[in-house]
Amino acid sequence: MFTQAETQPTIFSRQCCPARRAAAFLLLLTAALLVSPSLLKAQALSAEKLSNGTELLLITRPLAELDALCFSDARAEGGARCLIAPELLFASVIEEEFSEGPAPKGLVIMAGAGQRGIVDRLRALLANRPPEKEEMPAAAALRAEGSVERRLVPPGAASKIELEIPLPDAADPRRSAMEVIWELLPGRLAKEFPGIRARTQAFSGLLELEVDGESAEVRLSALRLALTRLAADPSIRAEAVAAEAHRLQVARMAHLEAPESAGREILRRWEEGGADAVREYLFGLKSVDLPLILEAMQSWLRVHPGRAIIRLPPRIFQPRFAPGPLVETLDNNVSVAVLERPQVGLSALVLRPILLSGIGGDAEAVVLARVGGALRSGGLPLPSVEVQTDPPRLELVAEADNFALLCEALQRALSEVASDTNPIAGSLESRDRSLQLLGRILGLNSGEDLSAADILAPGNIALGALAPDAETAIEALQKFGVGGEKAPDQLLSTTIESAFRHREAASGSTSAVAAAIPLEAGWPVPQFIRTLFKKRSAEIWPEARVRVLEPLIPGRSFLVLVVEADGPGAELEQRIREKMEALAAPVDEETLPALRREVVLEETRRVSGIIGRARLCSEIAAGAAEWRAPTQQEMRIMGAEPDEINQELEKIRLLTEIEWTTVGPMALNEG
């Protein structure tokens, strides 16, 4: 039985006015909200398209006191802009932002439950203001699934595998399932791959594993195989799936409490897959169970190998201590220089004729092009065959273990082409003809047309190579008889003609003059002179076409200046003589720093990399260069002084006799 004191409040409440009863009801409703966890954790999503065409997503959050509005803006950081304001100021901030200008294509609002009226305000603000027409950003496509890419990390850092596998579209029900799978993978793979880590990115899942650099590709194959086996027989328990899905759902709800970052994430999901993608992000994890996990692993994980990145620290060699090439002469008189570098993973072989070397017209290039064609059609799978000019050379590249294949393929091609003794008709152009005549004066040919047999004679071949093992490479060259059988020593004539210069009349209006300028100083002074002549000749003879060649002539150092212009040959000769002093003018301290940079860039480019090293070895085999480590080469060039360059320029200015050849229109009393 209740006492009067106990029932008094009840009688009073029944007798109070309607307004007080309404207030009491609201108080009871608020108390119910405060003690109901199922209501507190609820997220609500409203998606609609405003009359002007703007798509709007309103996500309400319980107990939110700070609201956010996010929209795409190419000028903003990250391509999105977010407006953050307290509940009472939110409407005024939005009105100020959208008072003028075009409407955004999409809006994401993260707000409390009391901000539903903001939609009406936006509808009024954006009326009759259609959004700018722009394409929706496409999901970033994962490039080249199944590929392997190598990237460098700082020296001393750990080697690492990154396996990136695309995730389903944002609106696909398997998207949430794959995100749960990604959280479960480390535990499933930890026994076979200790220390493996997993995380999801915007459009893909990433697996990271530190490995030994030498076994990186083997471990990558094992990881892909383990994922395939796991998809076929996952043996995952339903309890683990439910626990992980619940954990991710709580994590997402917690993320939504940060309005700006959450707004950007919701905006990105909407741009990727529209409102369905946002709905999947908010509510999809609640539907993830064991059958969906198994289906996702079978239909997605099993068929996507992903893109792999192997991060390795650079393999740094100490140039000061790195050994130079091994130089040999084979039994058939072929000169060989092989640089041993077992770590690079490739082999290279460069062939170049010793004599002529670019001043014999195009005969050498024609012959090497024929050898290149025979290599490509010879039946042996050579991945890289290139014919280069200035100077003419043949460059071959294969995998490190396939150096013997290079030797076999090259000898097959040489035996096919080098047996041709028919003369190769030289070019009739004034420039090429003047070079051919200069080669005769320098004693490099007899003046007759050369044949493939002359150019590819064993004594006229220099081979430069880079291989994992120098001795094994030389044995392979010897085994396959690269260069052919030993030929008589009389290859090309070395008789020097007595004529100081030689002129030859040619039809047409263009004349060409080739001048051989002897050099006495050693490397790198000739390289400085060549670069200097190239720069100055363009200013001295702007109306002419000028080339500066550095032919490979064992035991002799020349620069060959080739000037081509319209007009009679005698006039062109005279213009060249008048400007020789300006061409060889001394350099000063102001111009030398820029000249040093140009020379070091040109020389480094010439001998850089695997092919560049083999190219330098071919010059060493021909007796026209010495081994220089890259850092030593750079230091020597950058340390060149003006005096040593100017001494050589002074000798050029004092020359009284220069070997000339001129081809072009001639007067009757010339030649």
Side-chain angles (χ1 to χ4, degrees), residues 138-149 160-211 216-249 251-252 265 268-269 272-273 276-277 279-311:
L142 195 66
R143 297 171 299 175
E145 273 204 75
S147 66
V148 179
E149 180 180 346
K160 184 169 64 173
I161 293 173
E162 294 178 0
L163 181 59
E164 187 180 4
I165 295 178
L167 295 175
D169 294 338
D172 192 323
R174 294 174 298 180
R175 176 63 171 261
S176 295
M178 281 300 300
E179 294 186 20
V180 172
I181 291 171
W182 225 253
E183 297 297 324
L184 295 170
L185 280 179
R188 311 296 301 177
L189 300 171
K191 185 176 180 180
E192 187 175 355
F193 303 95
I196 192 168
R197 300 178 299 276
R199 58 186 173 91
T200 56
Q201 303 179 131
F203 306 103
S204 60
L206 190 67
L207 291 173
E208 297 177 321
L209 178 66
E210 291 188 3
V211 295
E217 296 204 16
V218 176
R219 295 293 284 166
L220 173 61
S221 299
L223 178 58
R224 281 177 162 156
L225 180 60
L227 290 174
T228 304
R229 288 199 305 262
L230 189 63
D233 183 21
S235 64
I236 297 177
R237 298 176 59 186
E239 295 82 359
V241 172
E244 193 58 46
H246 178 71
R247 189 190 67 79
L248 283 179
Q249 180 66 26
R252 286 187 184 179
E265 177 65 20
R268 184 185 65 78
R269 297 267 179 165
E272 185 182 348
D276 289 339
R279 191 172 292 109
E280 174 66 22
Y281 176 75
L282 293 175
F283 311 116
L285 285 170
K286 296 180 180 179
S287 303
V288 175
D289 54 11
L290 183 58
L292 183 58
I293 290 288
L294 299 180
E295 193 277 332
M297 296 183 79
Q298 286 284 343
S299 63
W300 191 267
L301 185 61
R302 194 174 185 180
V303 299
H304 284 278
R307 179 172 66 101
I309 298 174
I310 299 178
R311 299 186 182 274

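One-based numbering along the sequence shown. On a predicted model such as this, the values are computed, not experimentally measured, just so you know.
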Worksheet item: For the atom pair CG (Leu220) and CD1 (Ile309), what is the distance rounded to the nearest 0.5 Å?
Response: 11.0 Å
Practice prompt. Report the residues that fulfil salt bridge (Lys or Arg N to Asp or Glu O under 4.0 Å) with Arg311, sequence neighbours left out, ordered by chain and then residue number.
Written response: Glu162
Worksheet item: Which pair of non-hydrogen atoms, one from Gly273 and one from Ala171, has the smallest distance, and what is that distance?
Response: O-CB, 4.1 Å
Fill in: Inter- and intrachain pairs under ring pair (Phe, Tyr, Trp, His ring centres under 6.0 Å), touching residues 223-245, at least two apart
none
Worksheet item: Mind checking what makes side chain to side chain donor-acceptor pair (under 3.5 Å) contact with Arg247, not counting sequence neighbours?
Response: Glu183, Glu244
Fill in: Between CD on residue Glu217 and CD1 on residue Ile310, distance to nearest 0.5 Å
4.5 Å
Item to complete: Compare every heavy atom of Pro186 with every heavy atom of Ala198, then report the nearest pair and how far apart it is.
Response: CB-CG, 3.6 Å
Fill in: Donor-acceptor contact below 3.5 Å, side chain Arg188 vs main chain Ser235
yes
Worksheet entry | Spacing of CH2 belonging to Trp300 relative to CD1 belonging to Ile181, to within rounding of 0.5 Å | 11.5 Å
Discussion item. For a quick test of reading the model, state the closest non-hydrogen atom pair linking Val241 to Ile293 and the distance between them.
Written reply: CG1-CG1, 3.6 Å
Worksheet item: Looking at residues at least two apart in the chain, or sitting in another chain, which of them share a side chain to side chain contact (heavy atoms under 4.5 Å, CB included) with Leu225?
Response: Arg229
Practice prompt. Check side chain to side chain donor-acceptor pair (under 3.5 Å) between Glu280 and all other residues, then give those that pass, not counting sequence neighbours.
Written response: Ser176
Worksheet item: By side chain to side chain contact (heavy atoms under 4.5 Å, CB included), which residues pair with Glu239, not counting sequence neighbours?
Response: Arg237
Discussion item. According to side chain to side chain contact (heavy atoms under 4.5 Å, CB included), who are the partners of Ser299, at least two apart in sequence or on a separate chain?
Written reply: Arg174, Glu295
Practice prompt. Would you check, one step at a time, whether the test side-chain contact (heavy atoms from CB on, under 4.5 Å) holds for Leu230 with Leu185?
Written response: CA-CA 9 Å; Leu230 189 63; Leu185 280 179; 3.3 Å; yes
Worksheet item: Taking C-beta and beyond as the side chain, do Leu227 and Leu189 meet within less than 4.5 Å on heavy atoms?
Response: yes
Discussion item. Give me each pair satisfying salt bridge (Lys or Arg N to Asp or Glu O under 4.0 Å) with a member in residues 193-202, each pair once, sequence neighbours excluded.
Written reply: Arg197-Glu208, Arg199-Glu208
Worksheet item: If you look at every heavy atom in Leu184 and Ala240, which pair is closest and at what distance?
Response: CD2-O, 4.2 Å
Item to complete: Determine the minimum heavy-atom distance between Pro194 and Arg219, stating which atoms define it.
Response: CD-NH2, 4.5 Å
Discussion item. Tell me every residue that passes ring-ring contact (aromatic ring centres under 6.0 Å, His included) with Trp182, counting only those two or more places apart in sequence or in another chain.
Written reply: none
Item to complete: Return the minimal non-hydrogen interatomic distance between Gly306 and Ile165, and the atom names on each side.
Response: CA-CG1, 4.0 Å
Discussion item. Checking Arg252 now: which residues fulfil side chain to side chain donor-acceptor pair (under 3.5 Å) with it, not counting sequence neighbours?
Written reply: Glu179
Worksheet item: What's the spacing between Leu207 CG and Ile161 CD1 if we round to 0.5 Å?
Response: 10.5 Å
Worksheet item: Under the side-chain contact (heavy atoms from CB on, under 4.5 Å) criterion, do Arg175 and Arg269 qualify, and how do the steps go?
Response: CA-CA 12 Å; Arg175 176 63 171 261; Arg269 297 267 179 165; 3.9 Å; yes
Fill in: Name of the residue among Leu167, Val288, Leu292 meeting side chain to side chain contact (heavy atoms under 4.5 Å, CB included) with Met178
Leu167
Worksheet, complete the sentence: The side chain to side chain donor-acceptor pair (under 3.5 Å) partners of Arg302 (sequence neighbours excluded) come to Gln298
Worksheet item: Which value, rounded to the nearest 0.5 Å, describes the distance between Glu164 atom CD and Leu206 atom CG?
Response: 6.0 Å
Worksheet entry | Check: Leu209 and Leu163 side chains under 4.5 Å, non-hydrogen atoms | no
Worksheet item: Which residues satisfy the side chain to side chain contact (heavy atoms under 4.5 Å, CB included) test with Pro305, sequence neighbours excluded?
Response: Glu145, Arg224
